[in-house]
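FYI, side chains are in, hydrogens and waters are out, and symmetry mates aren't considered; it's all heavy atoms of this structure.
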Amino acid sequence: MPADNSHLIAAAARRRSAATRRRAVTALRRMDATGIAITFETVARAAGVSRSWLYNQPDLRSEIGRTADLPERHRDTPKKKKSSAVIGPC
């Protein structure tokens, strides 16, 4: 009978999940700090995750949705291309 290595598979899945979440949170923070428009598409692209994964993360989904309701920042630096969603102050 082969050894039960399921604990190794579960640990690898937890590490992958944590790394994915870390990438998404880092991308969201970076975009917010630099004034880049925050949408599901832009966060997914910046973090290298799928939009469906973002929609399935309640805390990230509400944070991304919240930024769409805030007024646009007034910045002296050139703005990057914006989508219909804009971000406001932290």
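Nearest approach of Ala44 to Ser50, heavy atoms of both residues: CB-C, 4.0 Å. Residues Ala47 and Ala24 come closest through the heavy atom pair CB-CA, 3.6 Å.
In this view, Arg22 and Ala18, Ala19, Thr26 satisfy the side chain to side chain contact (heavy atoms under 4.5 Å, CB included) rule, not counting sequence neighbours. Here Arg29 pairs with Val25 under the side chain to side chain contact (heavy atoms under 4.5 Å, CB included) rule; sequence neighbours left out. Residues passing the side chain to side chain contact (heavy atoms under 4.5 Å, CB included) test with Glu41 are Thr39, Arg45, Arg51, sequence neighbours excluded.
Residue Arg23 holds its CZ atom at 8.0 Å from CH2 of Trp53, rounded to the nearest 0.5 Å. Atoms CD1 and CZ, on Ile64 and Phe40 in that order, are 4.5 Å from each other to the nearest 0.5 Å. Rounded to the nearest 0.5 angstrom, Tyr55 OH and Leu60 CG are separated by 12.5 Å.
Of the possible donor and acceptor atoms, none in the side chain of Ser17 sits under 3.5 Å from a partner among the backbone N and O of Ala13. In this structure, Asp32 contributes its side chain and Leu28 its backbone to no donor-acceptor pair below 3.5 Å.
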**Request:** Decide side chain to side chain contact (heavy atoms under 4.5 Å, CB included) for Thr42 and Met31; before the verdict, give the C-alpha distance in whole Å, the side-chain angles of both, and the deciding distance to 0.1 Å.
**Result:** CA-CA 9 Å; Thr42 59; Met31 294 170 75; 3.0 Å; yes
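You'll find the side chain of Asp59 reaches within 4.5 Å of the side chain of Gln57, heavy atoms only.
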